Amino acid sequence: MNIVTLVGSLRKESLNMQLFKTMEERYQGKLNLTLADIASLPFFDQDEENIPPQVVKEFKEAISKADGVMIITPEYNWSVPGVLKNALDWASRVDKVFVGKPVMALGATPGMLGTVRAQMHLREILSSPGIQAKILPPGGNEVLVGMATQKFDQQSGRLIDEGTLSFLDSKVEAFVDFIKKEN
Ligand SMILES: Cc1cc2nc3c(=O)[nH]c(=O)nc-3n(C[C@H](O)[C@H](O)[C@H](O)COP(=O)(O)O)c2cc1C
C-alpha cells in the first residue's frame, strides 16, 4: 500500500519527523511510506494554480496516485503550521487531488494535549469543498502523542514508548482497513 506522508515541521530535530521515521521503519513491508517534500513548494498563488510550478505538479501527482495520505503535524498556535496549510491549499485547487482520498492524522508535541486543537482544525480543513478527504473517523482513532519529548529516544530519534507504539500499531491497522473499505 502506497502512503504519501506530509510532515508539518521543517525542524531538523522534529518530533513529528521522528514519528514519521519510526513508522517508516516499523511498518516496512506492510506500508510503503513516502515523504512529500512540502518545504519545496512555493507559497500558493492563485494566479499560478492552472499552470503550477513543476514541484507542485509532482506533489499533486503523488497524492493523486497514493492509496492514502498520512499527515503528521505539530500544533502551532492551536492550528496547523503554515507550511502544511500551504501544501493543502495547492492540493485543493483545479484537479482536487484529495477528494475521496483516505487520510489519517497524527501529531506529537511536548505539551499535554497532544496536538488535539491542531487536529480538530485539520479535520475542518480536510472537509472543505476543495479537499473533501475521507478522514479516518475520530472515535478513538486520533493519534495524539503528548509529552512527546519523554517518548522518543534522544540518541536514535525514534519513538520508544511501548504504550504509544502498540496504540499506533492498532491505529495503523484501522487505517489499512479503512483504505481497503474506501478505495
Ligand atoms: C510557532 C509555534 C507555535 C506553537 N504552538 C503550540 C501549540 O499551540 N500547541 C502545542 O502543543 N505546542 C505548540 N508549540 C510547541 C511545539 O509543539 C513544539 O515546538 C514541537 O516540538 C514542534 O514540533 P516538531 O518537534 O515536530 O518540530 C509551538 C511551537 C511553535 C514554534
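Since this is a predicted model, take the numbers as computed values, not measurements. Basis for what follows: all heavy atoms, side chains included, without hydrogens, waters or symmetry-related copies.
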Taking C-beta and beyond as the side chain, do [X] and [Y] meet within less than 4.5 Å on heavy atoms?
X    : Y    : value
K65  : N2   : no
M17  : L35  : yes
P102 : F175 : yes
R26  : V172 : no
L15  : T109 : no
L113 : L144 : no
K134 : F178 : yes
T73  : T115 : no

For residues [X] and [Y], report the shortest heavy-atom separation together with the two atoms involved.
X    : Y    : result
L41  : V55  : CD2-O, 3.7 Å
D45  : D47  : OD1-N, 2.8 Å
A105 : Q119 : O-OE1, 3.7 Å
P81  : G8   : CG-O, 3.2 Å
V4   : A62  : CG2-O, 3.5 Å
M104 : V143 : CE-CG2, 3.8 Å

Applying the 4.5 Å side-chain criterion to the ILVMFWY set and letting contacts propagate, would [X] and [Y] be lumped into a single cluster?
X    : Y    : result
I179 : M23  : yes
L165 : L106 : yes
V83  : Y76  : no
I72  : F167 : yes
V56  : L88  : yes

With a sphere of 6.0 Å drawn around [atom1] of [X], does it hold more than 12 non-hydrogen atoms of other residues, nucleotides or ligands?
X   : atom1 : answer
M1  : CE    : yes
Q54 : CD    : yes
E25 : CD    : yes

Main-chain N/O of [Y] paired with [X] side-chain donor or acceptor, under 3.5 Å:
X    : Y    : result
N86  : G82  : no
R11  : S9   : no
S127 : R123 : yes

[atom1] of [X] to [atom2] of [Y]: how many Å apart, nearest 0.5 Å?
X    : Y    : atom1 : atom2 : value
M147 : D161 : CE    : CG    : 11.0 Å
K96  : S128 : NZ    : OG    : 9.0 Å
T22  : F152 : OG1   : CZ    : 5.5 Å
L126 : K101 : CG    : NZ    : 13.5 Å
I38  : I71  : CD1   : CD1   : 8.5 Å
D95  : S64  : CG    : OG    : 7.0 Å

* **V103/L136 under side-chain contact (heavy atoms from CB on, under 4.5 Å): CA gap, chis, key distance, verdict** => CA-CA 6 Å; V103 176; L136 183 65; over 6 Å; no
* Asked: Side chains of D169 and Y27: donor-acceptor distance under 3.5 Å anywhere?
  ->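 Side-chain D/A pair, D169 to Y27: present.
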* **With F44 via ring pair (Phe, Tyr, Trp, His ring centres under 6.0 Å) - residues at least two apart** => W90
* Asked: Got a sec, which residues hit side-chain contact (heavy atoms from CB on, under 4.5 Å) with D177, two or more places apart in sequence or on another chain?
  -> E173
* To do: Carefully, step by step, assess E75 and M120 under the rule side-chain contact (heavy atoms from CB on, under 4.5 Å).
  => CA-CA 10 Å; E75 178 172 293; M120 286 171 71; over 6 Å; no
* **Pair R93 + D89, salt bridge at N-O below 4.0 Å** =>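 Salt bridge absent between R93 and D89.
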* **Evaluation steps, side-chain contact (heavy atoms from CB on, under 4.5 Å), between M70 and L33** => CA-CA 9 Å; M70 282 189 189; L33 293 185; 4.2 Å; yes
* To do: Would you sort out whether I3 and T34 count as a side-chain contact (heavy atoms from CB on, under 4.5 Å), showing the intermediate values?
  => CA-CA 6 Å; I3 308 292; T34 53; over 6 Å; no
